[in-house]
Amino acid sequence: MTSTSTRTEPPRADCIADSAGGITFDIVGDASPGAVLVLRRRGGKTAADVMRLPLTPAGEGRLRAVLPSTVELPEGRWDAFTTHGDEDAGEQRIEPGIRDLRSLVDRAPDPGRAQVAVRIPYPTLDGKLAVRSWLRAPHAEAGTLTFARGAMTLEGRLYGAGPGGGAVVEARLRGAKKDVYRAPMTVRDDGTFTFTLAYEPLAEGRGDEQRLWDLWLCPADAEPGQAAGIRVGRILDDVWDKKGVFRYPVLPVEGPKVTRPTTAYPYFTVDNDLSVRLDTAKQEPEKGQGQGQE
């Protein structure tokens, strides 16, 4: 006889992530026909946005599902559910248990790989289990950031088919397709790269109080802002959301092109991509401006 689970509390999964991109999910529960773990890509509405993994007995009252590294999981955030029947049966959100991410720390894939795949199980803000997936081909991994007066220098590594000689870094102003600033970069034979980005040119001639510049690596002979480019980011570790974790110095931006007090600092976006934020003080109205005549 096959038993069914009588547990009323939400299912809880322990996860082990391996360096190749695979994840093992262990859930406390009893075996039942058609039991599966379901991953649904947030915002997705097609069959490609659903991944179904069989749950099989793993001993000691636990069920196991395995997401192999060889199975492609498109980039995005995937919420985790269980169901114990066919596709029309109800699904139940999974809560996170122990997450063993040690294999992801300081991960260093073969630089010659055509693409980089990363999957990190993580707890959502409402306490549920999800998987953050990145699939980059090629990829520019951000490494050490250092700072000098009014500039930042990045050391990183390219994976896959990246730009060769004459490559540049492009800072692209978010929301303004034609606003692009370029700086030279060095790409070494081992795939490592470095560039220094001055902040002053990013502040030139603009009156808005906040500017967000996204960083890309591009061939120097491509039209500025037009090449597909390689987005600079940091995904080869165990931190699924770096925006609130990695903090960098806020530096004053100075020079003849800066007309109002301005500061700049790099940060990681919600997708763990590297950008630069500039903040300019509001321009105070001249005395009497906007006031009625007496």
Item to complete: Could you tell me whether Tyr265 and Tyr248 have their ring centroids closer than 6.0 angstrom?
Response: no

Practice prompt. Identify whether the distance between the nearest side-chain nitrogen and carboxylate oxygen of Arg62 and Glu60 falls below 4.0 Å.
Written response: no

Worksheet item: Taking NZ, NE, NH1 and NH2 as the nitrogens, is one of them in Asp271 or Arg132 under 4.0 Å from a carboxylate oxygen of the other?
Response: yes

Worksheet item: When you look at CZ of Arg188, are more than 12 heavy atoms from neighbouring residues, nucleotides or ligands closer to it than 6.0 Å?
Response: yes

Practice prompt. Taking the side chain as every heavy atom from C-beta outward, state whether Met185 and Val187 have any atom pair closer than 4.5 Å.
Written response: yes

Worksheet item: Any salt bridge between Glu254 and Arg149, counting N to O under 4.0 Å?
Response: yes

Worksheet item: Among Ile235, Asp237, Asp238, whose side chain to side chain contact (heavy atoms under 4.5 Å, CB included) with Val118 holds?
Response: Ile235

Discussion item. Do Leu236 and Val116 have side chains that approach each other closer than 4.5 Å (heavy atoms only, starting at C-beta)?
Written reply: yes

Worksheet item: Nearest 0.5 Å, what's the SG-CD1 distance between Cys15 and Ile98?
Response: 10.5 Å

Worksheet item: Rounded to the nearest 0.5 Å, how far apart are CG of Leu37 and CD1 of Ile94?
Response: 4.0 Å

Practice prompt. Step by step, work out the salt bridge (charged side-chain N to carboxylate O under 4.0 Å, His left out) result for Arg107 and Glu141.
Written response: CA-CA 11 Å; Arg107 184 180 166 207; Glu141 179 74 2; over 6 Å; no

Fill in: Arg77/Asp79 ion pair, N-O < 4.0 Å
no

Worksheet entry | Non-hydrogen side-chain atoms of His139 and Arg157 separated by less than 4.5 Å | no

Worksheet item: Is Arg40 salt-bridged to Asp49, cutoff N-O under 4.0 Å?
Response: no

Worksheet item: Rounded to the nearest 0.5 Å, what separation is found between the CD1 atom of Ile230 and the CD atom of Glu170?
Response: 11.5 Å

Practice prompt. Kindly indicate, with the supporting measurements, whether the criterion salt bridge (charged side-chain N to carboxylate O under 4.0 Å, His left out) is fulfilled by Arg211 and Asp179.
Written response: CA-CA 11 Å; Arg211 282 135 291 164; Asp179 284 338; over 6 Å; no

Discussion item. Looking at Glu95 and Arg12, is any side-chain nitrogen of the basic one under 4.0 Å from a carboxylate oxygen of the acidic one?
Written reply: yes

